[in-house]
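Comments concern the structure below.
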There are 2 protein chains.
Amino acid sequence: MSAKIKLEKKVLSRNDILAAELRTHFADENVAVINMVSSPGSGKTSLLEKTLSSLSEKLSIGVIEGDIQTDNDAVRIAKTGVPVHQIQTGGACHLEAEMIRKALIHFSLKDLDLLIIENVGNLVCPSAFDLGEALRIAIISTTEGDDKPLKYPAMFRSADVMVINKVDLIPYTDFDVEKVIHSAMSLNPAIEILKTSCRTGEGLDNWSDFVKNFANEHRE
Amino acid sequence: MSAKIKLEKKVLSRNDILAAELRTHFADENVAVINMVSSPGSGKTSLLEKTLSSLSEKLSIGVIEGDIQTDNDAVRIAKTGVPVHQIQTGGACHLEAEMIRKALIHFSLKDLDLLIIENVGNLVCPSAFDLGEALRIAIISTTEGDDKPLKYPAMFRSADVMVINKVDLIPYTDFDVEKVIHSAMSLNPAIEILKTSCRTGEGLDNWSDFVKNFANEHRE
């Protein structure tokens, strides 16, 4: 075993310990936490904007944005009026629990019902880093191709929910919805599946209800 | 500086040394090498299939496929009749020069004009790993959003060419071609830009000519 692999194991294990501590902390503060993961450009930020417009009067929500360098996404989210903090990873390809721990100073957790973390756009590395979330949501857009769950299995195995986004573009692609659902469920039989389009609004009511119910049930 | 960062620097540096050796080796064998990088689902494999149908009778081409676990892409490429070897990274989020060195045993380099490496779908990590290629091509699809160069600057800074793929879907998205070109050129003024659609065939002749000319000029 190379020094690099050994060290990565050690780092992962430290991340897991800190993530477990965060999970306890979030439970103590009665805040439901979601970690949104996907490829770049699957529509995480657009879906988040729609979610906030729909739910920000029903739930007290905070957002942590993860990006490599820019604060573009935090600027977009701030326009919704929801408190947001941008983590710039400075080149790192994923968020880690320690980054979330440090970001919490920017929120009053006891006043939040729901904290949504938008991870760096990357279908590989974020799968290995628990952030203490209660729910991990993997977004796949219909233009990425229906082979993605099988090609990036760690992500779809570790996710609680798969959102198939950009369903309005299905007529213009070869995307086979049944195939992608079958692939995801073959990796992870318990995965929940939702379909959305931020352009047409298809599925957004179901999605918002799902998020609202998760937040309320998690906090009961 | 943490032990992890120190070690990553050491690993990168070892990769750079090996990549430089590979570059010399490829030059000695008179083979032009391309490294294709992008997000998952931007259409790298489809573009590669089109390239091979167009060029495999004009050039002797080999392909190295990089994926985390499956050999789906190698199976697709093998159908074109071009020699292909699949690297399964076993969880690693990018190809490294050492993986390419080991894969070369599967090719007779002296008989090849062009070796095309399709990297793991990831817009972050592969940017930091030189594979000894002569040309790095970043593919961005129009459905990923026009903010991608600024959000993933290392990739577009390190690329020689940006291919804007899936231009047939522009009418159904908010993608602003001029904005993405402007962003990419602000990071990398020398970057060359091509536009393609594997569905309609738009731009594919230009693209194939570009690849053919690169291979021929590089080997002169």
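In this text the structure is predicted, and so the values were computed from the model without any measurement. Numbered from 1 within each chain, the chains take letters A, B, ... in sequence-line order.
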Inset, instruction - Considering only heavy atoms, give the residues of residues 68-90 of chain A separated from chain B by less than 4.5 Å, sorted numerically, with 'none' for an empty result. - result: A:I68, A:Q69, A:T70, A:N72, A:D73, A:R76
Legend entry - Any residue of residues 191-211 of chain B which, by heavy atoms, sits under 4.5 Å from chain A: B:R199
Inset, instruction - Determine which residues belonging to residues 39-48 of chain A lie within contact range of chain B, meaning some heavy atom pair is under 4.5 Å apart, and list them by number or answer 'none'. - result: A:S39, A:P40, A:G41
Legend entry - Within 6.0 angstrom of B:H106 NE2, more than 12 heavy atoms from elsewhere: yes
Legend entry - Per-residue contacts, residues 134-154 of chain A versus chain B, heavy atoms under 4.5 Å: A:T143, A:E144, A:D147, A:K148, A:L150, A:K151, A:Y152, A:P153
Legend entry - For chain B, the option from A:T173, A:V120, A:L123 that forms the most heavy-atom pairs under 4.5 Å: A:T173
Inset, instruction - Identify the heavy atoms of A:G91 and B:V124 that sit nearest to each other, and give their distance. - result: O-CG1, 3.9 Å
